[in-house]
Amino acid sequence: MTKKSVTITPSEGSSSEGFSADISPYPELLELCRRIHSEVVFAISSLRGTLQAGDFMFVGDDGTDTKRIDLAAEDAVVNYLKSTGRSMIIISEECGRVVLGENPEFTVIIDPLDGTTNAVQNIPFYSLSIAFSDPGSNDVFFGYVASLANGDEFYAGKGRGAFMDGKKIASSTASSIRELTISAYGYRQNTDRATKICSRVQKLRVLGSVALELCYVAAGKIDAFIDVRMALRLVDIAAGQLIVKEAGGIVTDGVGKPLSLPDNHIKPLNLVASNGVIHQEILNLLTYPEISCRGDRYYYKGDVKKIAIVSRCDSPAALNMVHYIIEAFSDRVQVFLSSSPARLLGMEDRGMTVTQMEEEGIDFIVSLGGDGTILRNMSKMKDPIPILGVNMGRLGFLADVEPEDAIESIGKALSGFMYDERPRLEISLNGKVLGTAINEVVATSAYPAKMMTYEVLVNGQFLNEIRADGIVFSTPTGSTAYAMSAGGPIVSPEVDAILIVPIAPFQLSSRPWIIPFDSEITLRLKIPKEIVLVTDGKVIEKSDIDAGLKPDMEKPSLESETHLKVTEHDTITIKRARYPGRFVKFSNACFYDTVRQKLG
């Protein structure tokens, strides 16, 4: 390949010294970048996918290892820029900062090969990144990224839009966390930040070329890019971040502040880039306000359009509150009711089942009642909608709002609200899922006051044989409920654990256990008797699992045929449910305050 010099001619009205502003986006720079692209492709063509490509050459100026293929790409770029005869500042990964000539006209920020590991392995996802800024400033006004594998070309001029292969591009319009496809990076020691968002999105990509991944965010092929390793450098993102912004996206640092490019190629930073529609919700999952004694709290910030009310039907005060809420907010949002109060109040047009609330896209549910109302309705949801509990029961341990504050609190929630996520338990019988519990799962004798013998295994390892009336398997949320009454400890919601608490055990050695929440518990009966299973106070009925009963299961001998009976032939499994429960929070009182106030 013959190398040619290029002349970049200044024109009148330029927005940055030496470059034309009357044609978008900087055709002279685009041509320069394309020629550099050709030079790099030629320079690495005989190396990519070879053992020699990954040879260690030296530690680059940025402190990272330089491989043979990196050096070949950078030499091609620097030599070509020198051949233009222009004065400039070059900032690159390997050579650092190089000044060509006197009175530099511009700074060019280069990552000659972004995705070295992919190039060495001949995985077709690696790129060239070039950005231009005024001398003495890293305020990029033109960015160019090209795939060195398939030729995809992206570029943008500040204030002039972003383009892919000559066509204008725009970021995606995805507006829900659950529908996102994202690219996210995190080291082992700090994955806790990234995993909060990664566990909620639809698809996760880790492709290995930051500049190119940012460009696919700009083109709407990926909805967001997240890197909170504090490992990105100026050369990695200078071009890509401009292309995202010019495509209508948003780019910030890891906590939502406007991205400030570092003044050198060594200083690391975090970056979050998205389509802009969902940016704040992503940040809410990556960061959170400092709340004393907090659990896992997240912020719901969006255009609240639909709320629903679930209510006790035996409480005149609760039914009156339904009317107050509808009168106060029906002109601002759509207000729906669960089926039973809707029928009772003659508002069938507003009625829907709790399951339908999930499908309808309700933003949050107002629960009018006690803890039982919250538990009963949360159990009906596979992926629970945040519930705002208004305490119209007796204890109200899970409800955060008193009746006199209900209207004000709901009004505030329409503009955004904090919510806790609490893990739930999932219970299965012979491999068939029976349900979930936010408080506890209980296995207890089908005959009152009859002692049973249970075999308990944790992750396949024998824990103990327990003789007792029953066993409570509790979440930290439920540690202040049945588990506490049975002699178990009170556990803060910040502790990720399952409590195993025997009920009236026969042996002194049968003490409560606390095990990691990600454990899988197996429970079996040791003698031919029957037990029933209870989730959050509701006895599991035959109708919940009729299709899963074993053909040879003995007929229950009790008069009642409604409760599901479990025998020594069955295997019960208890583990973390896929989706947590969610509780809207307004009080700043921590868990310990709540325990003192409610149980003192």
Side-chain angles (χ1 to χ4, degrees), residues 310 338 353-355 358 365 367 369-385 387 389 393 395 397-398 421-446 452 454 456 468-486 488 491 493 497-503 515 517 519-525 530-549 556 560 562-567 570-583:
V310 297
S338 57
T353 66
V354 175
T355 302
E358 282 191 89
I365 294 172
S367 176
D371 290 350
T373 306
I374 294 175
L375 295 171
R376 183 169 60 254
N377 287 285
M378 186 168 287
S379 69
K380 298 175 183 177
M381 291 184 280
K382 179 182 178 182
D383 188 2
I385 300 165
I387 292 182
L395 185 60
F397 208 96
L398 298 175
E421 287 200 343
R422 301 286 185 88
R424 299 191 297 170
L425 293 172
E426 175 188 279
I427 179 171
S428 302
L429 179 65
N430 304 324
K432 184 174 179 64
V433 176
L434 301 183
T436 58
I438 191 71
N439 267 0
E440 72 276 309
V441 170
V442 179
T444 187
S445 172
M452 313 296 292
Y454 303 89
V456 182
D469 287 359
I471 305 178
V472 179
F473 301 90
S474 172
T475 67
T477 301
S479 70
T480 53
Y482 197 169
M484 181 185 70
S485 298
V491 178
I498 300 173
L499 287 67
I500 303 176
V501 183
I503 303 171
I515 64 172
F517 213 119
S519 304
E520 182 172 290
I521 301 168
T522 303
L523 181 68
R524 300 190 187 98
L525 284 177
E530 294 174 342
I531 63 171
V532 295
L533 302 173
V534 185
T535 57
D536 286 343
K538 178 184 181 296
V539 179
I540 296 175
E541 298 182 354
K542 289 181 65 178
S543 59
D544 296 324
I545 196 177
D546 270 340
L549 289 176
S560 172
T562 60
H563 293 167
L564 173 68
K565 307 303 188 304
V566 181
T567 74
D570 299 297
T571 299
I572 301 161
T573 304
I574 299 164
K575 63 181 181 180
R576 180 192 289 267
R578 179 175 181 181
Y579 299 105
R582 299 179 176 94
F583 299 89

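Only this structure's heavy atoms are used, side chains among them; waters, hydrogens and symmetry mates stay out. Residue numbers start at 1 and run along the sequence shown.
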For T353, side chain to side chain donor-acceptor pair (under 3.5 Å) partners two or more places apart
Q356

Going by distance alone, is a donor N or O of one side chain under 3.5 Å from an acceptor N or O of the other, for N430 and D570?
yes

Is there side-chain contact between F397 and T477, with at least one heavy-atom pair below 4.5 Å?
no

Looking only at heavy atoms, which two atoms of S445 and V532 are closest? And how far apart?
O-CG2, 4.2 Å

Rounded to the nearest 0.5 Å, what's the gap from OG on S379 to CD1 on I438? Could you check?
10.5 Å

By side chain to side chain donor-acceptor pair (under 3.5 Å) - contacts of T535 (at least two apart):
none

CG on L564 to CG on L533, rounded to 0.5 Å:
6.5 Å

Just by distance, do the side chain of R422 and the backbone of G581 share a donor-acceptor pair under 3.5 Å?
no

Do E358 side-chain atoms and D383 backbone N/O form a donor-acceptor pair below 3.5 Å?
yes

Rounded to the nearest 0.5 Å, what separation is found between the CE atom of M378 and the OG1 atom of T436?
9.0 Å

Rounded to the nearest 0.5 Å, what's the gap from CG on L425 to NZ on K575? Could you check?
11.5 Å

Answer yes or no: is there a side-chain heavy-atom contact under 4.5 Å between P502 and Y454?
no

With the side chain counted from C-beta on, respond yes when M381 and V354 share a heavy-atom pair under 4.5 Å apart, and no when they do not.
yes

Heavy-atom donor-acceptor pair, S428 side chain to G431 backbone, under 3.5 Å:
no

Less than 4.5 Å apart, side chain to side chain, heavy atoms only: is that true for I503 and Y482?
yes

Donor-acceptor pair, side chain of D536 and main chain of A437, under 3.5 angstrom
no

Could you give the distance from CD1 (I385) to CD1 (I365), rounded to the nearest 0.5 Å?
4.0 Å

Looking only at heavy atoms, which two atoms of T355 and K380 are closest? And how far apart?
OG1-O, 3.7 Å

Looking only at atom types and distance, does a side-chain atom of E440 sit under 3.5 Å from a main-chain N or O of A483, one as donor and one as acceptor?
no

Quick one, I471 with I500, criterion side chain to side chain contact (heavy atoms under 4.5 Å, CB included). Give me CA distance, side-chain angles, the key distance, then yes/no.
CA-CA 7 Å; I471 305 178; I500 303 176; 3.8 Å; yes

Can you name the nearest heavy-atom pair linking R582 to E421, along with the distance?
NE-OE2, 3.0 Å

How close do T373 and G369 get, heavy atom to heavy atom, and via which atoms?
OG1-CA, 3.6 Å

Hey, is the main chain of T573 close enough, under 3.5 Å, to the side chain of T522 for a donor-acceptor pair?
no

Heavy-atom pair of closest approach, residues P493 and P476:
CA-CB, 3.9 Å

Looking only at heavy atoms, which two atoms of R576 and F517 are closest? And how far apart?
NH2-CB, 3.3 Å

Quick one: CZ on F583 to CD1 on I387, what's the gap to the nearest 0.5 Å?
6.5 Å

Test N439 against D371 for side chain to side chain contact (heavy atoms under 4.5 Å, CB included), laying out the working first.
CA-CA 10 Å; N439 267 0; D371 290 350; 6.0 Å; no

